[in-house]
Colleague: 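Quick one: the structure is below, and I'll ask about it shortly.
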Amino acid sequence: SQQGEEDPQALSIQEGENATMNCSYKTSINNLQWYRQNSGRGLVHLILIRSNEREKHSGRLRVTLDTSKKSSSLLITASRAADTASYFCATEWRGGGNKLTFGTGTQLKVEL
Amino acid sequence: NAGVTQTPKFQVLKTGQSMTLQCAQDMNHEYMSWYRQDPGMGLRLIHYSVGAGITDQGEVPNGYNVSRSTTEDFPLRLLSAAPSQTSVYFCASSNQGARGNTIYFGEGSWLTVV
């Protein structure tokens, strides 16, 4: 299986703190994407980073990619209660024919 | 612009029954796909389509059929439901697949097979 792993599986922080979650994958990729899923809802695309990029920002989100270690991290700064959700990384791996492989997800809880 | 619409939202089936999960998108996307989500497993690709008339298998295709007669619709058929198919199913669409393009997901269909 090409499925990636995310770490930690669950994370609980206080509002205002930063949240960092990591993703590891197994094969060479074209790009890596992060998604958010609120309980009982579909996935929402957050950010995409290409294999030739090392860091990308979008609002309070910062994503890094280390292709030599086959890993990525998602940092959410100044977290809010509304950030409570599950976060998934997904990779488009080379030779995968435009298909995405998802990680197992990190459940983030931001407490007031 | 409704995005990706899935029906039904919830369904309970008896073992051996068949049913179709409907998926429609109004964004004129070429790529559509079906995933299932099980606890602790992330999303796994069942089938996908790169355009009308073209479908292919994903990671876990057994027990499911798909067709793509139009650009808008991509139904998923369970031929003979089994308890192992109890899961949450997500339909997704995008232009040009995952290659640097945002993928839009439906809200999910919760299926229980008893």
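Hydrogens, waters and symmetry mates play no part in the numbers below; they use all other heavy atoms, side chains included. Chain identifiers are assigned alphabetically (A, B, ...) following the order of the sequence lines, protein sequences preceding nucleic acid strands; residue numbering begins at 1 within each chain.
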Colleague: Is there a path of hydrophobic side-chain contacts, each under 4.5 Å between heavy atoms of I/L/V/M/F/W/Y residues, joining F90(B) to L111(B)?
Modeller: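 Result: no, two separate clusters.
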
Colleague: Taking a hydrophobic cluster as the set of Ile, Leu, Val, Met, Phe, Trp and Tyr residues connected by side-chain heavy atoms closer than 4.5 Å, whether directly or through intermediates, do Y89(B) and M19(B) fall within one such cluster?
Modeller: yes

Colleague: Other residues, nucleotides and ligands only: do more than 12 of their heavy atoms fall within 6.0 Å of NZ on K9(B)?
Modeller: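 Check passes, neighbour count above 12.
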
Colleague: Measure distances from Q37(B) to the heavy atoms of chain A and classify the residue's part below 4.5 Å as side chain, backbone, both or neither.
Modeller: side chain

Colleague: Using heavy atoms and a sub-4.5 Å threshold, report which of residues 35-43 of chain A line up against chain B, by residue number.
Modeller: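 Residues Y35(A), Q37(A), G40(A), R41(A), G42(A), L43(A) are the ones that qualify, each having a heavy atom under 4.5 Å from chain B.
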
Colleague: Counting only heavy atoms not in Q11(B) (residues, nucleotides, ligands), do more than 12 fall under 6.0 Å from its CD?
Modeller: yes

Colleague: OG1/T101(A) to CZ/R44(B) distance, rounded to the nearest 0.5 angstrom?
Modeller: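 Rounded to the nearest 0.5 Å, the OG1-CZ separation comes out at 12.0 Å.
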
Colleague: Taking CD in E17(A) as the centre, count heavy atoms belonging to other residues, nucleotides or ligands within less than 6.0 Å. Is the count above 12?
Modeller: yes

Colleague: Does any part of the side chain of L100(A), heavy atoms only, come nearer than 4.5 Å to the side chain of I103(B), both counted from C-beta?
Modeller: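 Counting from C-beta outward, I103(B) and L100(A) do come under 4.5 Å.
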
Colleague: Are V60(B) and W110(B) grouped together when hydrophobic residues (ILVMFWY) are joined by side-chain heavy atoms under 4.5 angstrom apart?
Modeller: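 They do not share one cluster, since no chain of ILVMFWY contacts under 4.5 Å joins V60(B) to W110(B).
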
Colleague: Is it true that V88(B) and Y35(B) fall in one hydrophobic cluster, defined by side-chain heavy atoms closer than 4.5 Å?
Modeller: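 V88(B) clusters together with Y35(B).
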
Colleague: Do V63(A) and L75(A) belong to the same hydrophobic cluster, where Ile, Leu, Val, Met, Phe, Trp and Tyr are linked whenever their side-chain heavy atoms lie under 4.5 Å apart, directly or via other members?
Modeller: no

Colleague: Take atom CZ of R80(A) as the centre, draw a 6.0 Å sphere, and report whether it contains more than 12 heavy atoms from other residues, nucleotides or ligands.
Modeller: no

Colleague: What part of Y104(B) gets closer than 4.5 Å to chain A, counting heavy atoms only: side chain, backbone, both or neither?
Modeller: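 The answer is neither part of Y104(B).
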
Colleague: For chain A, which residues from residues 62-72 of chain B lie under 4.5 Å away (heavy-atom distances)?
Modeller: none

